[in-house]
Amino acid sequence: MFLSRSVLAFIFLSSLLLFPANSIRLFKAEDESDLFMEAPVYQNGPHCPVLGKDILICDSSIVHIAMTIDPEYLRGTIAAIHSVVKHGSCPQNVFFHFIASDSSSVVPTQLTRIVKSVFPSLSFKVYVFPKKLVRDLVSSSVRQALDSPLNYARIYLADLLETCIQKVIYLDSDTIVVDDIQKLWNINLTGSRTIGAPEYCNANFDKYFTSDFWSNPRFSKVFEGKRACYFNTGVMVMDLGRWRQGDYTREIEKWMRVQKDKRIYELGSLPPFLLVFGGDIEAIDHRWNQHGLGGDNLVNSCRTLHPGPVSLLHWSGKGKPWVRLDAKRPCSVDFLWAPYDLYKFHGYSRHRQLDGFRFDSL
């Protein structure tokens with residue numbers, strides 16, 4: 001069930017009554033469990049498969065979701081989790097895999113306690129991503145946030161997660177799911193395809209690489225014979241079994257080394273994904289990634305939703321909804337994020353003038 005415009009309007013109005021919050025600050029161990037409200041308990045429907053009692057993480061009925069988790073985006077991560085379990089038909093059958101950096105000032109045990117305090121019955125595990133894996137591979141990009149080593153953790157999911165896990169949904173921390181995640185999980189990756197994601201073939205694909213890349217036949221031939229289209233790596237269905245067989249982590253690392261030497265792109269971890277998988281992904285309905293809601297990578301600008309149904313909202317780009325709401329400079333779409341915010345400390349008013357806001361703009 002996707003969101004209709006009337007449901008979006010209802011969510012917007014409901015958000016005015018919820019507890020808003022300001023940005024996450026670095027926190028002390030003694031007060032970490034008091035940052036967020038406890039989420040409601042969401043239980044499985046009667047049709048859901050019954051999980052086995054042993055080795056839960058490897059149960060074939062589990063929906064696996066991977067996300068990064070860190071202090072800066074923790075508020076977004078908590079809201080994203082809340083949205084998944086709230087709208088899921090079998091929320092107790094979802095297992096979250098959180099990837100934390102080993103260089104963070106907040107240790108994984110603290111993050112574990114916080115998630116557990118907000119979602120006491122949630123099945124999850126926190127993994128440590130060693131910064132050294134990409135320390136010599138990351139090159140500067142158009143926005144500093146894209147240079148974080150943790151932004152590259154999605155490349156290493158096949159190595160970090162247990163080998164019994166053959167499939168995972170990767171979600172960025174600035175996403176909200178407003179549909180049953182089981183629907184996304186059930187999408188088949190046909191043939192030998194390793195990744196499923198919404199494709200955007202009307203986008204100017206050339207702009208994701210420099211002129212030096214396109215003028216070098218050794219590089220540009222990677223797209224020969226392919227209809228390579230842009231896809232956003234913030235929402236992906238990934239076949240980890242095929243990923244491991246193809247050793248795609250090493251393939252992406254090869255392009256990152258080329259980038260360090262030749263400067264063939266400007267945009268973080270996205271271009272090497274395009275180089276390895278562009279033209280060979282499972283095209284998923286656009287409703288599963290209404291991206292760009294944070295503006296572009298340089299300007300925090302307001303955007304409206306794309307035409308059509310909505311199953312997932314994504315604040316990719318510079319602007320994040322919790323920051324804009326706390327600053328009392330929200331975009332209209334930010335009020336669609338607010339109902340899932342569980343942070344306790346208010347940063348914006350519960351009331352807002354509706355002047356100039358039009359539901360048909362969504």
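For the pair Lys262/Phe219, a side-chain contact is recorded, criterion being any heavy-atom separation below 4.5 Å from C-beta on. Asn232 places a side-chain heavy atom less than 4.5 Å from the side chain of His314. Between Phe273 and Phe231, the closest side-chain pair of non-hydrogen atoms falls below 4.5 Å. Counting heavy atoms from C-beta outward, Val63 and Asn93 have side chains that stay 4.5 Å or more apart. At least one side-chain heavy atom of Leu275 sits under 4.5 Å from a side-chain heavy atom of Phe223. Looking at Leu189 and Glu282, their side chains come closer than 4.5 Å, going by heavy atoms from C-beta outward. You'll find the side chain of Leu313 stays beyond 4.5 Å of the side chain of Trp337, heavy atoms only. For the pair Cys302 and Val333, the minimum side-chain heavy-atom distance is 4.5 Å or more.
Ring planes of Phe209 and Trp214: perpendicular class, angle over 60° (limits at 30 and 60°). Below 30°, between 30° and 60°, or above 60°: for Phe129 and Tyr156 the angle between ring planes is between 30° and 60°, a tilted geometry. Ring orientation note: the planes of His64 and Phe95 are tilted relative to one another, at an angle of 30° to 60°.
The heavy-atom pair separating Tyr152 from Gly268 by the smallest distance is OH-C, 3.4 Å. Of all heavy-atom pairs spanning Asp334 and Leu325, the tightest one is O-CD1, 3.8 Å. In plain terms, the two heavy atoms of Ser301 and Asp296 that are nearest each other are OG-N, 3.9 Å. Of all non-hydrogen atoms in Ile281 and Ala197, the two that sit nearest each other are CD1-O, 3.7 Å. Nearest heavy-atom pair across Val128 and Pro108 is CG2-CG, 3.6 Å. Taking every heavy atom of both residues into account, Asn300 and Gly319 meet most closely at OD1-CA, 3.4 Å.
Side chain of Ser332 to main chain of Thr304: no donor-acceptor pair is present (N/O by atom type, distance under 3.5 Å, no hydrogens or angles). Side-chain atoms of Thr175 do not come within 3.5 Å of backbone N or O of Leu171 as any donor-acceptor pair. A donor-acceptor pair under 3.5 Å is absent between the side-chain atoms of Gln92 and the main chain of Gln43, judged by distance alone. Within the 3.5 Å criterion, the main-chain N or O of Gln182 finds a donor-acceptor partner in the side chain of Asn186. Listed for the Arg242 side chain is a donor-acceptor partner under 3.5 Å among the backbone atoms of Arg193. Although no hydrogens or angles enter the test, the distance criterion places a donor-acceptor pair under 3.5 Å between the side chain of Thr249 and the main chain of Ile155. Proximity of a side-chain donor or acceptor of Glu266 to a complementary backbone N or O of Arg263 within less than 3.5 Å is not detected. With Lys320 contributing its side chain and Trp315 its backbone, the two residues share a donor-acceptor pair below 3.5 Å. Looking at Asp239, its side chain never comes within 3.5 Å of a backbone N or O of Lys167 through a donor-acceptor pair. In this structure, the side chain of Ser83 engages the main chain of Val177 through a donor-acceptor pair within 3.5 Å.
Rounded to the nearest 0.5 Å, atoms OG (Ser220) and CG (Asp206) are 10.5 Å apart. Gln290 contributes atom CD, which lies 9.0 Å from atom CG of Leu312 (distance to the nearest 0.5 angstrom). Rounded to the nearest 0.5 Å, atoms CE (Met256) and CG (Leu137) are 4.5 Å apart. The structure places CD of Glu253 at 14.5 Å from CD of Gln259, a figure rounded to the nearest 0.5 Å. Here Leu74 contributes atom CG and Gln110 contributes atom CD; the two are 10.5 Å apart, rounded to the nearest 0.5 Å. Once rounded to the nearest 0.5 Å, the distance linking CG of Asp285 with CZ of Arg287 reads 4.5 Å.
Follow the hydrophobic side-chain contacts under 4.5 Å out from Leu122 and you never reach Val41; the two are in separate clusters. No single ILVMFWY cluster, assembled from side-chain heavy atoms under 4.5 Å apart, contains both Leu150 and Val107. Transitive grouping of hydrophobic side chains (ILVMFWY, heavy atoms separated by less than 4.5 Å) brings Trp185 and Ile187 into a common cluster.
Annotation: salt bridge (Lys or Arg N to Asp or Glu O under 4.0 Å) contacts of Glu199 (sequence neighbours excluded): none. Applying the salt bridge (Lys or Arg N to Asp or Glu O under 4.0 Å) criterion to Lys131, with sequence neighbours excluded, gives no partner residue. For the side-chain contact (heavy atoms from CB on, under 4.5 Å) test, residues two or more places apart in sequence or in another chain that qualify with Leu270 are Tyr208, Tyr230, Thr233, Leu267, Leu274. Looking at residues two or more places apart in sequence or on another chain, you find a ring pair (Phe, Tyr, Trp, His ring centres under 6.0 Å) between Phe124 and Phe98. Annotation: ring pair (Phe, Tyr, Trp, His ring centres under 6.0 Å) contacts of Phe119 (sequence neighbours excluded): none.
Residue-environment remark: NZ (Lys132) stays at or below the threshold of 12 foreign heavy atoms within 6.0 Å. Taking a 6.0 Å sphere around CG of Asn204, one finds it holds more than 12 heavy atoms contributed by other residues, nucleotides or ligands. Within 6.0 Å of CG in Asn202 there are 12 or fewer heavy atoms belonging to other residues, nucleotides or ligands.
A distance below 6.0 Å separates the ring centres of Trp243 and Phe277. Taking the ring centroids of His87 and Tyr340, they lie under the 6.0 Å cut-off. Taking the six-membered ring wherever Trp is involved, the centroid distance between the rings of His286 and His306 does not fall below 6.0 Å. Proximity of the aromatic rings of Tyr200 and His291 is defined here by a centroid distance below 6.0 angstrom, and this criterion is met.
Asp172 has a carboxylate O that lies under 4.0 Å from a charged side-chain N of Arg154, or vice versa, which qualifies the two as a salt bridge. Between Lys221 and Glu224 there is no salt bridge, since no side-chain nitrogen of the basic residue lies less than 4.0 Å from a carboxylate oxygen of the acidic one. Salt bridge present: Asp159 and Arg250 bring a charged side-chain N and a carboxylate O closer than 4.0 Å.
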Checking side-chain contact (heavy atoms from CB on, under 4.5 Å) for the pair Asn216/Asp212: CA distance, chi angles, key distance, verdict?
CA-CA 6 Å; Asn216 189 323; Asp212 288 342; over 6 Å; no
Take Asn297 and Lys318 through the test side-chain contact (heavy atoms from CB on, under 4.5 Å) and record every step on the way to the result.
CA-CA 5 Å; Asn297 279 303; Lys318 187 174 183 179; 5.9 Å; no
Lys226 vs Asp280, salt bridge (Lys or Arg N to Asp or Glu O under 4.0 Å): CA-CA, chis, key distance, verdict
CA-CA 8 Å; Lys226 297 180 180 179; Asp280 191 27; over 6 Å; no
Pair Val118, Glu38 - check side-chain contact (heavy atoms from CB on, under 4.5 Å), show working.
CA-CA 4 Å; Val118 182; Glu38 184 175 324; 5.8 Å; no
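Within the structure, disulfide bond (SG atoms under 2.5 Å apart) contacts touching residues 213-246 (residues at least two apart or in different chains) are Cys201-Cys229.
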